[in-house]
Amino acid sequence: MKHLVLTLTWMLWLSLCGRCMSQVQPRLPPGQQVPCFFIFGDSLVDNGNNNGILTLARANYRPYGIDFPGGATGRFTNGRTYVDALAQLLGFPRYIPPHSRARGLELLRGANYASGAAGIREETGSNLGAHTSMNEQVANFGNTVQQLRRFFRGDNDSLNSYLSKCLFFSGMGSNDYLNNYFMPDFYSTSSDFTVKAFGSALLQDYSRQLSQLYSLGARKVIVTAVGQIGCIPYQLARFHGNSTRCNEKINNAILLFNSGLKKMVQNFNGGQLPGAKFVFLDFYQSSSDLSSNGASFGFDVIDKGCCGVGKNNGQITCLPMQQPCENRQKYLFWDAFHPTEVANILLAKASYSSESYTYPINIQQLVTQ
């Protein structure tokens with residue numbers, strides 16, 4: 001209730017002072033470190049944007065959300081996503097709303113544009129149905145900027161100053177491999193591109209998309225590496241390797257992309273995008289560490305989904321009203337693809353206050369610069 005009152009008070013203040021926003025920046029609620037948080041990505045951070053569209057990539061049914069206060073909201077896990085946990089560490093009194101439901105003054109504190117099955121490439125994820133690609137997510141943010149401009153009476157300098165203090169998160173690429181390149185029965189990319197050429201094509205597209213966000217006002221940006229998806233329950237259920245339990249062919253392709261992505265971040269920070277501060281978040285290393293050292297993080301089960309069907313609970317993802325595992329704190333994975341809430345919280349804490357998985361600085365340092 002206290003958080004709700006604080007948020008309503010802030011929004012009322014913005015409403016009353018709408019005419020003076022070109023001269024005065026709104027005060028933040030106590031403890032909130034940035035004025036707004038904008039999120040782009042796929043099902044790892046989607047919080048309900050896919051609920052109202054025709055797609056198999058949906059999670060607005062039980063037992064998804066079984067440990068989340070709002071229940072099955074469309075988050076692809078049992079509780080909070082990584083960005084939910086990060087928003088709390090940043091002091092936001094409420095979770096960032098999905099773009100599909102964010103309206104009016106609410107946009108001043110950010111929006112989540114992420115969409116399950118989305119990728120950097122336009123065709124990625126079409127095997128699962130409708131979704132919002134990264135191109136469309138960037139376009140949606142452009143529309144948001146147009147709406148925000150009204151609150152600043154068309155004063156672009158004041159709006160840009162406001163956005164420059166906000167945090168941006170972009171996590172893309174997983175589906176470009178899982179639901180594109182390594183799905184040859186549905187996509188031709190693996191015959192059209194070598195692994196190296198495909199990674200280069202992805203990075204070229206992604207560089208353009210992130211540069212568009214920059215042109216729209218993004219200055220403090222977290223960009224995530226693709227995780228160790230050759231070792232998720234979905235791959236463990238399908239892959240039959242002689243020397244390793246993981247699909248290292250996929251992992252090696254991911255490492256190639258991640259290496260290029262880190263260089264891209266270095267170039268952005270090195271003057272390619274003046275005034276920008278990018279942080280590379282190494283989801284690959286974090287997922288590898290959680291898997292390799294599961295017991296030290298409190299996980300008893302690192303190779304099976306808490307909810308799912310078939311081998312490793314990874315052949316079919318969590319079904320409506322299916323009974324999940326009882327002790328979700330002990331599982332690294334919630335379903336065939338996605339981590340549990342506890343794994344998301346562990347990563348959020350590590351990336352916020354330490355540099356274990358961030359380069360060149362951690363997120364706490366990013367927001368204060």
Side-chain angles (χ1 to χ4, degrees), residues 3-4 6-15 18 21 25-42 44-49 70 73-75 80-115 118 132 134 136-152 158-172 210 212-214 216-224 276-279 281 344 348 351-352 363-364 366-368:
H3 288 163
L4 179 60
L6 285 172
T7 302
L8 291 174
T9 300
W10 186 52
M11 292 181 70
L12 177 61
W13 187 93
L14 290 173
S15 179
M21 286 203 43
Q25 297 290 347
R27 293 180 181 177
L28 300 182
Q32 187 174 311
Q33 298 161 37
V34 291
C36 42
F37 187 16
F38 294 99
I39 298 154
F40 305 83
D42 52 29
L44 289 171
V45 291
D46 184 354
N47 63 346
N49 286 310
T73 58
R75 289 166 168 83
R80 285 166 284 179
T81 65
Y82 169 82
V83 292
D84 289 329
L86 182 57
Q88 289 183 312
L89 290 170
L90 293 167
F92 281 89
R94 293 165 61 200
Y95 297 114
I96 304 302
H99 171 255
S100 60
R101 295 204 308 269
R103 297 289 183 273
L105 288 167
E106 191 173 29
L107 291 169
L108 281 163
R109 67 185 184 91
N112 184 330
Y113 303 85
S115 173
T132 308
M134 184 59 174
E136 294 170 300
Q137 290 180 37
V138 173
N140 286 338
F141 176 66
N143 292 332
T144 294
V145 171
Q146 293 288 349
Q147 295 179 62
L148 293 177
R149 190 168 284 120
R150 297 201 305 268
F151 301 128
F152 289 82
S158 290
L159 174 57
N160 288 336
S161 175
Y162 183 77
L163 291 174
S164 72
K165 299 177 178 67
C166 299
L167 189 65
F168 290 74
F169 171 96
S170 182
M172 277 289 183
L210 293 171
Q212 286 177 325
L213 286 181
Y214 170 85
L216 290 166
R219 291 298 180 270
K220 298 181 180 183
V221 187
I222 304 164
V223 179
T224 72
K277 298 180 180 68
F278 276 72
V279 164
L281 177 55
N344 286 325
S351 58
Y352 174 73
I363 295 170
Q364 188 175 31
L366 175 65
V367 300
T368 57

**Sub-4.5 Å side-chain heavy-atom contact between Leu148 and Leu159** = yes
**Request:** Would you mind telling me which of Ile39, Val138, Thr144 makes a side chain to side chain contact (heavy atoms under 4.5 Å, CB included) with Tyr113?
**Result:** Thr144
**Asked** Are side-chain heavy atoms of Phe152 and Leu108 found at a separation under 4.5 Å?
**Response** yes
**Asked** Do Leu167 and Val367 have side chains that get closer than 4.5 Å, going by heavy atoms?
**Response** yes
**Request:** Mind checking the OG-CE spacing from Ser170 to Met134? Nearest 0.5 Å is all I need.
**Result:** 3.5 Å
**Request:** Apply side-chain contact (heavy atoms from CB on, under 4.5 Å) to Leu90 and Tyr352, showing your working.
**Result:** CA-CA 9 Å; Leu90 293 167; Tyr352 174 73; 4.0 Å; yes
**Message:** Keeping Arg219 on the side-chain end and Tyr214 on the backbone end, is there a donor-acceptor pair under 3.5 Å?
**Reply:** yes
**Request:** Indicate whether any N or O donor in one side chain lies under 3.5 Å from an N or O acceptor in the other, for Arg80 and Gln88.
**Result:** yes
**Message:** If only side-chain N and O atoms count, and only distance matters, is there a donor-acceptor pair under 3.5 Å linking Thr224 with Tyr82?
**Reply:** no
**Item:** Minimal non-hydrogen separation, Val83 against Val45, with atom names
**Value:** CG1-CG1, 3.6 Å
**Item:** Flag, side chain of Ser164 to backbone of Ser161, donor-acceptor distance under 3.5 Å
**Value:** yes
**Item:** Phe38: ring pair (Phe, Tyr, Trp, His ring centres under 6.0 Å) partners, not counting sequence neighbours
**Value:** Phe141, Phe168
**Request:** Could you verify whether a donor N or O on one side chain and an acceptor N or O on the other, from Thr73 and Tyr95, lie under 3.5 Å apart?
**Result:** no
**Request:** Applying ring pair (Phe, Tyr, Trp, His ring centres under 6.0 Å), name anything that partners Phe37, two or more places apart in sequence or on another chain.
**Result:** none
**Message:** Under a plain distance cut-off of 3.5 Å, with no hydrogens placed, do Ser115 and Asn49 share a side-chain donor-acceptor pair?
**Reply:** no
**Prompt:** Does a side-chain heavy-atom distance below 4.5 Å link His99 with Thr132?
**Reply:** no
**Asked** Taking the side chain as C-beta and beyond, is there a heavy-atom pair between Val34 and Lys165 under 4.5 Å?
**Response** no
**Asked** If you measure from CZ on Arg109 to CD on Gln32, what distance do you get to the nearest 0.5 Å?
**Response** 8.0 Å
**Approximate separation, where rounding is to 0.5 Å, of Leu107 CG and Arg150 CZ** = 9.0 Å
**Message:** Between Tyr162 and Cys36 (side chain of the first, backbone of the second, donor and acceptor by atom type, cut-off under 3.5 Å), is there such a pair?
**Reply:** no
**Prompt:** Is the backbone of Thr368 close enough, under 3.5 Å, to the side chain of Gln33 for a donor and an acceptor to pair up by distance?
**Reply:** no
